[in-house]
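Below is one structure; the comments refer to it alone.
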Amino acid sequence: MARILIVEARFYEHLNDQLIEGARAVIEAAGHETEVLTVPGALEVPGAIALTAESGDYDGFVAIGVVIRGETYHFEIVAGESARAIMALTMDGIAIGNGILTVENEAQAQVRADPAQKDKGGEAARAALAMMALAERFAR
Ligand SMILES: Nc1c(NC[C@H](O)[C@H](O)[C@H](O)CO)[nH]c(=O)[nH]c1=O
Ligand SMILES: CC(=O)[C@@H](O)COP(=O)(O)O
């Protein structure tokens with residue numbers, strides 16, 4: 001049984017709850033355990049994964065959050081930099097599925113958060129499981 005840490009940027013609570021529901025359903029159906037760690041926003045997710053990965057306590061990670069465009073350039077920073085940093089961690093061999101939504105409005109987020117619709121939380125969990133399998137097969 002693997003241990004998977006869901007690191008959530010709890011910026012929009014009702015959307016995160018749906019994303020986590022979808023992720024947990026996939027992970028538990030695969031017979032693995034989950035734990036949830038909450039950080040303030042998407043910019044804190046990569047650092048939290050880097051810190052917790054050091055412990056060796058987790059076999060994989062799912063990043064969960066919602067970034068909705070506002071009036072300023074900050075959307076590009078939050079969306080782009082969190083994705084870039086998460087990608088950098090995967091290049092270091094950490095098994096991560098990225099379920100941080102980067103959308104124009106709440107309606108787009110709702111469709112993607114809902115496990116009965118686009119289920120991006122479940123999609124991210126499946127990606128994490130796939131990367132864990134690769135790590136097990138090819139880890140140096
Ligand atoms: N606007 C959103 C943010 N912004 C907050 C940042 O992620 C970060 O917590 C802050 O800049 C302090 O370092 N975060 C989200 O997850 N979603 C947003 O829409
Ligand atoms: C993605 C964001 O950081 C955004 O929610 C912030 O809104 P604003 O650009 O209007 O300050």
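First listed ligand is number 1; within each ligand, the first listed atom is number 1. Positions are given from 1, in the same order as the sequence printed here. All of these numbers come straight from a predicted model, not from anything done at the bench.
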Practice problem: Looking only at protein heavy atoms, identify the closest one to atom 10 (C) of ligand 1 and say how far it is in Å. | Solution: E44 OE2, 4.2 Å

Quiz item: Heavy-atom contact under 4.0 Å between F75 and ligand 1?
Solution: no

Quiz item: In the protein, which heavy atom is nearest to atom 19 (O) of ligand 1, and how far is it?
Solution: I68 N, 3.2 Å

Quiz item: So, is A9 polar-close to ligand 1, with some N/O to N/O distance under 3.5 Å?
Solution: no

Practice problem: Step through the shown structure and confirm whether more than 12 heavy atoms of other residues, nucleotides or ligands are within 6.0 Å of CD on E81. | Solution: yes

Self-check item: Which segment of I68 sits under 4.0 Å of ligand 2 when only heavy atoms are counted
Solution: backbone

Self-check item: From T72, V103, V78 - option closest to atom 11 (O) of ligand 2 by heavy atom
Solution: T72

Quiz item: Salt bridge between R126 and E123, side-chain N to carboxylate O under 4.0 Å?
Solution: no

Quiz item: Which distance, rounded to the nearest 0.5 Å, do you find between the CG of D119 and the CG of D114?
Solution: 8.0 Å

Quiz item: At what distance is the nearest protein heavy atom to atom 16 (O) of ligand 1, and which residue and atom is it?
Solution: A42 N, 2.9 Å

Quiz item: Is the shortest N/O to N/O distance between P40 and ligand 1 below 3.5 Å?
Solution: no

Quiz item: For ligand 2, which atoms sit closer than 4.0 Å to a heavy atom of V67?
Solution: 1 (C)

Quiz item: Which of the atoms in ligand 1, numbered in the order shown and given with their element, are less than 4.0 Å from a heavy-atom of V67?
Solution: 17 (N), 18 (C), 19 (O)

Quiz item: Measuring from Y58:OH to I4:CD1, what's the distance to the nearest 0.5 Å?
Solution: 12.0 Å

Self-check item: Taking atom 10 (O) of ligand 2 as the reference point, the nearest protein heavy atom with its distance
Solution: E71 N, 2.7 Å

Practice problem: Dump the intermediate steps for side-chain hydrogen bond (donor to acceptor under 3.5 Å, both in side chains) on R24 and T34, then the final yes or no. | Solution: CA-CA 7 Å; R24 275 200 160 130; T34 64; 3.2 Å; yes

Quiz item: G41 heavy atoms, cut-off 4.0 Å: which ligand 1 atoms fall inside?
Solution: 7 (O), 9 (O), 14 (N), 16 (O)

Quiz item: Is E54 atom CD crowded by more than 12 heavy atoms from other residues, nucleotides or ligands, each under 6.0 Å away?
Solution: no

Quiz item: Do you know which two heavy atoms are closest between G31 and M1, and how far apart they sit?
Solution: O-CG, 3.3 Å

Quiz item: Taking only heavy atoms of H74, which atoms of ligand 2 are found under 4.0 Å from at least one of them?
Solution: 2 (C), 3 (O)

Self-check item: Under 3.5 Å: N/O of F11 near N/O of ligand 1
Solution: no

Self-check item: Residue pair Q18 / Q110, side-chain heavy-atom distance below 4.5 Å
Solution: yes

Quiz item: Does any N or O atom in V66 lie less than 3.5 angstrom from one in ligand 1, N or O only?
Solution: yes

Quiz item: To the nearest 0.5 Å, how far apart are CZ in R84 and CD1 in I77?
Solution: 9.5 Å

Self-check item: Y12: numbered ligand 1 atoms lying under 4.0 Å from its heavy atoms
Solution: 19 (O)

Practice problem: Look at atom 7 (O) of ligand 2 and say which protein heavy atom is nearest, naming residue and atom and giving the distance to 0.1 Å. | Solution: G70 CA, 3.6 Å

Quiz item: T52 versus D57: any side-chain heavy-atom pair under 4.5 Å?
Solution: no

Quiz item: If you measure from CD1 on I68 to CD on Q108, what distance do you get to the nearest 0.5 Å?
Solution: 9.0 Å

